[in-house]
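Below is one structure; the comments refer to it alone.
These numbers come from the heavy atoms of this one structure, side chains and all, not from hydrogens, waters or symmetry mates. No experiment lies behind these values; they were computed from the predicted model shown.
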Amino acid sequence: MNEWAPIAKEYDPLKAGSIDGTDEEPHDRAIWRAMLARYVPNKGVTGDPHLTLFVARLNLQTTEEKLKEVFSRYGDIRKICLVRDLVTGFSKGYAFIEYKEERALLKAHRDANRLVIDQHEIFVDFELERTLKGWIPRRLGGGFGGKKESGQLRFGGRDRPFRKPINLPTMKSDFYGEGPVEKRERSWSREGARDWRARDRNHERNRDKRWLERERSWAWGESDQEKDRDSKDERSRGREKKDRERKDRERDNKKQRDDDKHR
């Protein structure tokens, strides 16, 4: 508990998949994929990672000029990189902004998060690819944040920090033989064991009887349902036939009246 922190100091996919960072088994396949991934940061990325912000959830229509207009309020900007699709050239909805001074970086990190730009509430964090040890991106099953609908939330970041674990004392139950040895020996005599076995056998027989009764009732119910369904189909077909005959008569009558008028 003394080492617990809401923000991860080192990226661990297994801990990131847990709401309090205490999971011991992966709960989805993406975590397995992240644990097996060997990710190397892009060496072609330039600039100081400790002066760079990650800006996400942008409107796809937001441009570099708009980002410069907004983020230059916090200090001098050295470079803005709005990530675009290589084929279409359209924005992918996130960008990296490098400042000249750390003071401007910290101010933007504090004040620009959840700012609304072009009708979109943005998310701002430090760059993690080159600064957080063990970082695995979202496309490999890692990352932070995520949506509830995906079932693959990741914790330990600014968007979804770890919750403080609740340490509950381990409670042992005498019923399952986890209490003191002397007490178990007194409570579990040979007679008691025989009684339990007899009860289990009776329970099994009663359960089999109940299942047979249910199967019979289901079979009868299904046959009745099939009869009802057949009778409903016959009635609907009869109604459709009558409707067609009525429409044919109306059409013939109308045609007859039109012919009489022309005569």
Side-chain angles (χ1 to χ4, degrees), residues 4-13 15-16 19 21 34 39-150 152-164:
W4 179 86
I7 304 297
K9 299 177 182 178
E10 182 176 337
Y11 193 81
D12 184 343
K15 291 182 179 179
I19 193 170
Y39 179 71
V40 178
N42 188 355
K43 295 181 180 180
V45 177
T46 59
D48 189 345
H50 299 285
L51 292 177
T52 303
L53 284 181
F54 170 68
V55 184
R57 301 172 190 168
L58 293 169
N59 189 322
L60 299 183
Q61 306 302 320
T62 300
T63 62
E64 288 89 341
E65 290 74 17
K66 183 65 176 181
L67 290 174
K68 185 175 182 180
E69 176 187 343
V70 173
F71 282 90
S72 59
R73 306 171 189 168
Y74 309 106
D76 294 334
I77 296 175
R78 178 172 289 141
K79 184 174 62 175
I80 295 178
C81 177
L82 179 62
V83 180
R84 296 179 178 275
D85 187 275
L86 293 175
V87 178
T88 64
F90 295 148
S91 169
K92 288 190 173 183
Y94 64 96
F96 296 92
I97 300 176
E98 183 184 357
Y99 281 96
K100 293 182 179 180
E101 298 178 350
E102 185 179 6
R103 181 175 58 183
L105 174 87
L106 296 176
K107 188 176 181 182
H109 181 269
R110 184 189 66 224
D111 297 340
N113 189 41
R114 296 188 176 180
L115 197 68
V116 177
I117 300 178
D118 294 335
Q119 293 81 45
H120 275 228
E121 185 180 275
I122 66 171
F123 172 72
V124 177
D125 199 359
F126 299 119
E127 182 192 337
L128 300 176
E129 181 181 14
R130 295 180 291 169
T131 58
L132 187 64
K133 183 179 178 182
W135 173 252
I136 302 293
R138 187 70 180 180
R139 67 177 183 272
L140 297 179
F144 286 131
K147 296 181 179 180
K148 292 182 179 180
E149 296 80 4
S150 68
Q152 297 179 1
L153 295 177
R154 298 293 180 263
F155 301 88
R158 186 180 193 183
D159 191 27
R160 293 186 182 276
F162 289 128
R163 293 187 183 178
K164 197 168 186 178

Quick one, Leu51 with Arg78, criterion side-chain contact (heavy atoms from CB on, under 4.5 Å). Give me CA distance, side-chain angles, the key distance, then yes/no. CA-CA 10 Å; Leu51 292 177; Arg78 178 172 289 141; 4.2 Å; yes
Pairwise distance CD(Gln61) to NZ(Lys66) - rounded to 0.5 angstrom: 13.0 Å
Here the gap from Arg57 atom CZ to Arg114 atom CZ, rounded to the nearest 0.5 Å, amounts to 8.5 Å
Nearest 0.5 angstrom please: Lys147 NZ to Gln152 CD, how far? 13.0 Å
Kindly indicate whether the side chain of Val45, heavy atoms from C-beta on, has any atom under 4.5 Å from the side chain of Phe96. no
Pick out which of Leu58, Leu82, Asp85 makes a side chain to side chain contact (heavy atoms under 4.5 Å, CB included) with Lys92. Asp85
One should read off an interatomic distance between Lys107 NZ and Arg110 CZ, to the nearest 0.5 angstrom, of 7.0 Å
Within a reach of under 6.0 Å around CZ of Arg138, are more than 12 heavy atoms found that belong to other residues, nucleotides or ligands? yes
Considering all heavy atoms of both residues, which atom of Ser72 and which atom of Ile77 are nearest to each other, and what is their separation? N-CD1, 3.6 Å
Only counting residues at least two apart or in another chain, list the ones meeting side-chain contact (heavy atoms from CB on, under 4.5 Å) with Leu128. Asp125, Thr131, Leu132, Trp135, Phe144
Beyond-backbone contact of Asp76 with Tyr99, side-chain heavy atoms, under 4.5 angstrom: no
So, Arg154 side chain and Gly141 main chain: donor-acceptor pair closer than 3.5 Å or not? yes
Interatomic distance, Glu69 atom CD to Thr62 atom OG1 [nearest 0.5 angstrom]: 11.0 Å
So do the side chains of Val124 and Phe71 get within less than 4.5 Å of each other, counting heavy atoms only? yes
Below 30° counts as parallel, above 60° as perpendicular, anything between as tilted: where do the rings of Phe123 and Phe54 land? perpendicular
Apply the test side-chain contact (heavy atoms from CB on, under 4.5 Å) to residues Leu60 and Phe90: give CA-CA distance (whole Å), side-chain angles for both, the deciding distance (0.1 Å), then the verdict. CA-CA 7 Å; Leu60 299 183; Phe90 295 148; over 6 Å; no
Using a cut-off of 6.0 Å, state whether more than 12 heavy atoms not belonging to Glu102 lie near its atom CD. no
Write down the atom of Ala34, the atom of Pro13, and the distance for their closest heavy-atom approach. CB-CB, 3.7 Å
For Ile7 and Gly157, which heavy atoms make the closest approach, and how far apart are they? CD1-O, 3.4 Å
With a 4.5 Å heavy-atom cut-off, do Arg73 and Asp111 have their side chains touching? no
What I'd like to find out is whether the side chain of Leu106 reaches to under 4.5 Å of the side chain of Phe126, using heavy atoms alone. yes
In terms of heavy-atom contacts, does CZ of Arg84 have more than 12 from other residues, nucleotides or ligands at under 6.0 Å? yes
CG of Leu67 to CD1 of Ile122, rounded to nearest 0.5 Å, is 7.5 Å
Are the side chains of Asn113 and Arg158 in contact, using a 4.5 Å heavy-atom criterion? yes
Quick one: are Tyr39 and Glu129 in side-chain contact, heavy atoms under 4.5 Å? yes
Side-chain touch Arg130/Thr52, heavy atoms, less than 4.5 angstrom: yes
Please report the C-alpha distance between Ile117 and Asn59 in whole Å, then the side-chain angles of each, then the deciding distance to 0.1 Å, and finally whether the side-chain contact (heavy atoms from CB on, under 4.5 Å) criterion is met. CA-CA 7 Å; Ile117 300 178; Asn59 189 322; over 6 Å; no
Is a side-chain donor or acceptor of Asp159 paired with a backbone partner of Gly145 at a separation under 3.5 angstrom? no
